[in-house]
Amino acid sequence: MSEAAELDAPADRSAVRVDFNGPYALSIGGRLIETNTTFDVFNPATNEVLARAPDGSAEHLDAAVAGAKAAFPAWSAMSWDERGALIGEYADALEAHKDDLIRLLTLEQGKPRHSMAKSEVEAAIYWVREVAKRRLPPQVVEDTDEHVVEIRHTPLGVVGAITPWNFPVLLGLWKIAPCLVTGNTMVMKPSPYTPLCTLRFGEIAQQVFPAGVLNIVSGGNELGQQLTEHPDVAKISFTGSTATGKKVMASSAGTLKRVTLELGGKDPAIVLADADWQSIVPTLFWAAFGNSGQWCIASKRIYVHRSIHADFVAAFTDYARGIRVGDGMDPDTDLGPIQNRMQYDKLRSLFADVAEQGHKVTIGGTIDESLPGNFVPVTVVDNPPDDSRIVREEPFGPIVPILAFDEIDEVVARANDTPFGLAASVWGKDREAAIAVAERIEAGTVWVNEIHIHGIDIPFGGHKQSGLGVENGAEGLAEFTNTKTYMFRK
Ligand code: NAD
């Protein structure tokens, strides 16, 4: 198929068909575009080629931005209710393809189909449906005899969205729904490691939204950079590593784009001396190891009071013994593989460091490189030094250090001794004492005696080098808008 001819052709909405067995296509200006060149996407459980994704070019990205720009005037002129109704229809269309999306998510990302993949897709659809109902009503801040001052929120224009490979469905739809309901149009670039679900939910979107409202372009990292530098893009909504986030911020500066950056984390979990620690072992295990640790808000350092540390480590290790790592398509699998070879190699280096430094490992510790997929065993490191790599770095894999502490001031200082500030949790029977510790933690979210609760109305974002701005909640919606102040003389 000729790409140039495709890009020039008028959009035929009735021709848009979503076929989960068919070739993958870019969504540009309401049309599905197959490219001449593709790149391989691998199944991380086998390292076999799963599919070939369209390798979008700079011209495709330009065409996508042009499509989004052309769609913006009519889309932003619609009422919130009209846009919300279409986003609700999008949720229905996604729901109709839910099982296909869950299966594809497991195949491209690795997470277990019956648990994590299912909950990710279901949560994402729920999010779309609920965000469609949210509004940012005008706010009167002054009303005197002479005048009225009213704050309104107006859309920004074309938003560029860049997503990572750990939760491609949820994190993608977290951006699409609030971006569109506030009246913007979007160009999304998924991670080259996990483009497939995004391409499919892009195709599904073309059945619902006017042409150009949502565009998806898969390809290499350079497309991300092009998006951040593009003069017709008003904002970048980015989720990924802190290192890339800094590049995004730097290259967005040229056109003074708005940026929301959801970046890395090194979340501490602090188990106080009075905690009902036996009952929280499974909770903290899943907080650390869910999605095989490939989670920005995974508990990545567990600090346990020295009086219970040894017992906690023993019980945690016992629980870990019952966990099965395997192919996510297998219903007996608890934890899937690492999503890609780059991350697997990073983990190999970290595991080698743990061994070379002689840190005590209570379970796991050795990666069996003869396995066909990117499988890494559940690994617990018992009380390594604070300056060790496993305590300082974000592993993004199934390995966690469990550290002993003695004093509250000491553990607060150690928890805060990191450039990250994404989230944290504090566990203790004395709720007020636990909350007092939570107040001293430098992080965007702190849970007390619960963890990993998210909500449509709960803003989420990092402090320090874990990010800039928030997603979700009224604050997250507002980040997709300009604040416009009207003053009306009476
Ligand atoms: P990454 O930074 O390597 O890639 C993220 C995205 O950025 C990809 O789509 C990639 O193609 C793109 N990209 C790469 N170079 C770019 C450039 N120069 N300009 C613009 N875009 C570019 O991150 P990853 O490895 O995909 O994801 C893992 C990281 O994401 C971890 O650090 C994790 O903690 C973080 N993360 C954060 C959150 C959060 O909400 N805070 C959620 C999930 C993941």
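Just follow the structure's listing: the first ligand is 1, and inside any ligand the first atom is 1. All values below come from the heavy atoms of this structure, side chains included, with hydrogens, waters and symmetry mates left out. Just so you know, these numbers come straight off a predicted model, no measurement behind them.
A salt bridge is defined here as a Lys NZ or Arg NE, NH1 or NH2 lying under 4.0 Å from an Asp or Glu carboxylate O, and D267 with R301 fails to meet this definition. We find that E394 and K300 are joined by a salt bridge, their nearest charged nitrogen and carboxylate oxygen being less than 4.0 Å apart.
Nearest heavy-atom pair across G397 and I338 is CA-CD1, 4.1 Å. The minimum heavy-atom distance between S27 and E203, with the atom names listed, is OG-N, 3.7 Å. Closest non-hydrogen pair, W295 versus A287, comes out as CE3-O, 4.4 Å.
A cation-pi arrangement is found for R200 relative to Y24, the charged atom lying closer than 6.0 Å to the ring centre and inside a 45° cone about the ring normal. A cation-pi arrangement is absent between R129 and Y126 under the rule of less than 6.0 angstrom and at most 45 degrees off the ring axis.
Residue L171 touches ligand 1 through its side chain alone, judged by heavy-atom distances below 4.0 Å. Only the side chain of F238 comes within 4.0 Å of ligand 1, counting heavy atoms alone; its backbone N, CA, C and O stay farther away. Of the heavy atoms in F460, only side-chain atoms (C-beta onward) come closer than 4.0 Å to ligand 1. Residue F167 does not touch ligand 1, judged by heavy-atom distances below 4.0 Å. Only backbone heavy atoms of L263 (N, CA, C or O) come within less than 4.0 Å of ligand 1; its side chain stays farther off. Contact annotation for S251 and ligand 1: no heavy atom of the residue comes within less than 4.0 Å of the ligand. Of the heavy atoms in E394, only side-chain atoms (C-beta onward) come closer than 4.0 Å to ligand 1.
Side chains of Q294 and K111: no donor on one and acceptor on the other come within 3.5 Å. Defined by atom type and a distance below 3.5 Å, a donor-acceptor pair is present between the side-chain atoms of K175 and S237. Under 3.5 Å, the side chains of N374 and N340 contain no donor-acceptor pair of N or O atoms. With no hydrogens or angles considered, no side-chain donor-acceptor pair links Q465 and T242 at under 3.5 Å.
Between N166 and ligand 1, no pair of N/O atoms sits closer than 3.5 Å. By the 3.5 Å distance cut-off applied to N or O atoms, S241 is counted among the residues near ligand 1. For ligand 1, the polar-atom distance check against W165 finds a nitrogen or oxygen pair separated by under 3.5 Å. Taking only nitrogen or oxygen atoms, main chain and side chain alike, S466 does not reach within less than 3.5 Å of ligand 1. In terms of polar-atom proximity, N221 is counted as a contact of ligand 1, with an N or O under 3.5 Å from an N or O of the ligand.
Here the protein heavy atom with the shortest distance to atom 18 (N) of ligand 1 is K247 CD, 3.8 Å. Here the protein heavy atom with the shortest distance to atom 19 (N) of ligand 1 is Q225 N, 3.5 Å. Atom 22 (C) of ligand 1 has T244 CG2, 3.5 Å as its closest protein atom, hydrogens excluded (heavy atom only). The single protein non-hydrogen atom nearest to atom 27 (O) of ligand 1 is P164 CB, 3.3 Å, given as residue, atom name and distance. The shortest contact between atom 42 (C) of ligand 1 and any protein heavy atom is with C296 SG, 3.0 Å.
Sorted by first and then second residue, the side chain to side chain donor-acceptor pair (under 3.5 Å) pairs with a member in residues 100-109 form an empty list; sequence neighbours excluded.
Distances below 4.0 Å separate heavy atoms of G224 from the following atoms of ligand 1: 19 (N), 20 (C), 21 (N). Near G240, with a cut-off below 4.0 Å to any heavy atom, the atoms of ligand 1 are 2 (O), 5 (C), 23 (O), 29 (C), 30 (O), 35 (C), 36 (N), 37 (C). Of all the atoms in ligand 1, the ones that sit under 4.0 Å from a non-hydrogen atom of V248 are 20 (C). When each atom of ligand 1 is checked for a heavy atom of F396 under 4.0 Å away, the hits are 28 (C), 31 (C), 33 (C), 34 (O). Listed by number with element, the atoms of ligand 1 under 4.0 Å from a non-hydrogen atom of I162 are 6 (C), 7 (O), 9 (O), 12 (C), 20 (C), 21 (N). When each atom of ligand 1 is checked for a heavy atom of T163 under 4.0 Å away, the hits are 6 (C), 8 (C), 9 (O). Taking every non-hydrogen atom of P190 and a distance limit under 4.0 Å, the qualifying atoms of ligand 1 come out as 9 (O). The atoms of ligand 1 that sit less than 4.0 Å from any heavy atom of E262 are 37 (C), 38 (C), 39 (C), 40 (O), 41 (N).
Ring centroid separation for the pair Y319 and F285 comes in under the 6.0 Å cut-off. Annotation: H454 is in aromatic contact with W174 [ring centroid separation under 6.0 Å].
In this structure, E475 has no salt bridge (charged side-chain N to carboxylate O under 4.0 Å, His left out) partners at least two apart in sequence or on a different chain.
A heavy-atom separation below 4.0 Å is found between P192 and ligand 1.
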